[in-house]
Amino acid sequence: DAKTTQPTSMDCAEGRAANLPCNHSTISGNEYVYWYRQIHSQGPQYIIHGLKNNETNEMASLIITEDRKSSTLILPHATLRDTAVYYCIVRGPFGNTDKLIFGTGTRLQVFP
Amino acid sequence: KAGVTQTPRYLIKTRGQQVTLSCSPISGHRSVSWYQQTPGQGLQFLFEYFSETQRNKGNFPGRFSGRQFSNSRSEMNVSTLELGDSALYLCASSLVGAPQETQYFGPGTRLLVL
């Protein structure tokens, strides 16, 4: 079973920041938080991941709470091409490494 | 660097047939995982291969099998196809499969079973 809980859907105006929340209250100390997105019928695209600290790359920022029980993916300036299903995944520990367990994700709709 | 490639991209089969799908990982990646995506069940893990050995397996019947070659390319096979096997089959690769490594997905093979 997925170890994360996400809202089913969200809307965001183009040009505004999209903040996608994720709850992972049972996360263990050595488990990573990963975010992927899937644009209709394409393969999932990696966005960002983190363990404890906040992370930023060219696509997004990841804010992880101090207790690590939740996180937020931030797309700073959403565009129409960001419309997709966003998956928050908890991954690890070693020994169960490559089993990405996907939940139902959040369907983000960016509107003009 | 080229991404993960999957062939074929689309496939139509009939019940009872078998099918083989192919995945070429990113150069240098030795871990390959397979996933099935259906509207009803979402994205589900099938199995993972590393160094030509199956290292992890999901909850799928024995009709689903796979293998990995010495060049890290992988194939998955589904025998005695059922209508419910219609799905998008995705392959993902990473260096060695550690939790801190990113898995990169291919575009998928869409299988339709009639």
Side-chain angles (χ1 to χ4, degrees), chain A residues 1-6 8-9 24 27-53 55-60 62 64 68 73 84-107, chain B residues 3-6 9-10 21 23 25-26 29-51 53-60 66 68 74 87-112:
Chain A
D1 291 336
K3 300 174 70 173
T4 61
T5 304
Q6 299 176 254
T8 302
S9 63
H24 31 79
I27 192 169
S28 300
N30 55 358
E31 291 181 319
Y32 288 77
V33 179
Y34 274 79
W35 284 83
Y36 282 81
R37 72 181 181 185
Q38 189 174 26
I39 298 169
H40 182 64
S41 294
Q42 297 180 20
Q45 178 189 22
Y46 166 77
I47 301 173
I48 199 167
H49 74 281
L51 183 63
K52 296 179 183 177
N53 300 320
E55 302 288 345
T56 296
N57 63 19
E58 64 278 4
M59 287 184 68
L62 174 61
I64 302 174
R68 302 186 71 237
L73 177 74
V85 177
Y86 287 76
Y87 295 99
C88 169
I89 300 162
V90 167
R91 184 176 173 200
F94 195 84
N96 196 24
T97 55
D98 265 61
K99 184 185 291 186
L100 287 177
I101 301 176
F102 288 81
T104 54
T106 296
R107 185 171 298 278
Chain B
V4 178
T5 57
Q6 293 188 244
R9 292 293 311 278
Y10 303 92
L21 312 180
C23 171
I26 291 171
H29 285 193
R30 295 165 58 196
S31 171
V32 174
S33 297
W34 288 89
Y35 296 83
Q36 180 198 64
Q37 185 173 30
T38 61
Q41 299 297 318
L43 265 157
Q44 292 187 291
F45 173 79
L46 279 158
F47 30 64
E48 181 238 352
Y49 285 86
F50 177 76
S51 291
T53 301
Q54 188 181 87
R55 190 165 60 173
N56 210 343
K57 190 177 187 304
N59 295 323
F60 279 81
Q68 187 180 34
S74 177
L88 180 66
Y89 290 88
L90 293 156
C91 160
S93 77
S94 63
L95 282 168
V96 295
Q100 65 268 34
E101 292 175 3
T102 299
Q103 283 195 6
Y104 295 94
F105 284 82
T109 294
R110 184 163 295 281
L111 171 66
L112 177 61

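Numbers restart at 1 for each chain; the letters A, B, ... are given by sequence-line order, proteins then strands.
- For Gln45(A), no part sits under 4.5 Å from any heavy atom of chain B, backbone or side chain.
- For Gln6(B), no part lies under 4.5 angstrom from a heavy atom of chain A.
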Ile89(A)/Gln103(B) under side chain to side chain contact (heavy atoms under 4.5 Å, CB included): CA gap, chis, key distance, verdict:
CA-CA 12 Å; Ile89(A) 300 162; Gln103(B) 283 195 6; over 6 Å; no
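- When heavy atoms are compared at a cutoff of 4.5 Å, Leu90(B) approaches chain A solely by way of its side chain, counted from C-beta outward.
- In this structure, Gln37(B) and Tyr87(A) approach most closely via the heavy-atom pair NE2-OH, 3.7 Å.
- Here OG1 of Thr102(B) is found 5.5 Å from OH of Tyr36(A). Values are rounded to the nearest 0.5 Å.
- Annotation for Arg107(A): atom CZ does not count as buried by contact number, only 12 or fewer foreign heavy atoms lying within 6.0 Å.
- Contact count against chain A (heavy-atom pairs under 4.5 Å) is highest for Pro107(B) among Gly108(B), Pro107(B), Cys91(B).
- Taking OH of Tyr32(A) as the start and CD of Glu101(B) as the end, the distance is 10.0 Å to the nearest 0.5 Å.
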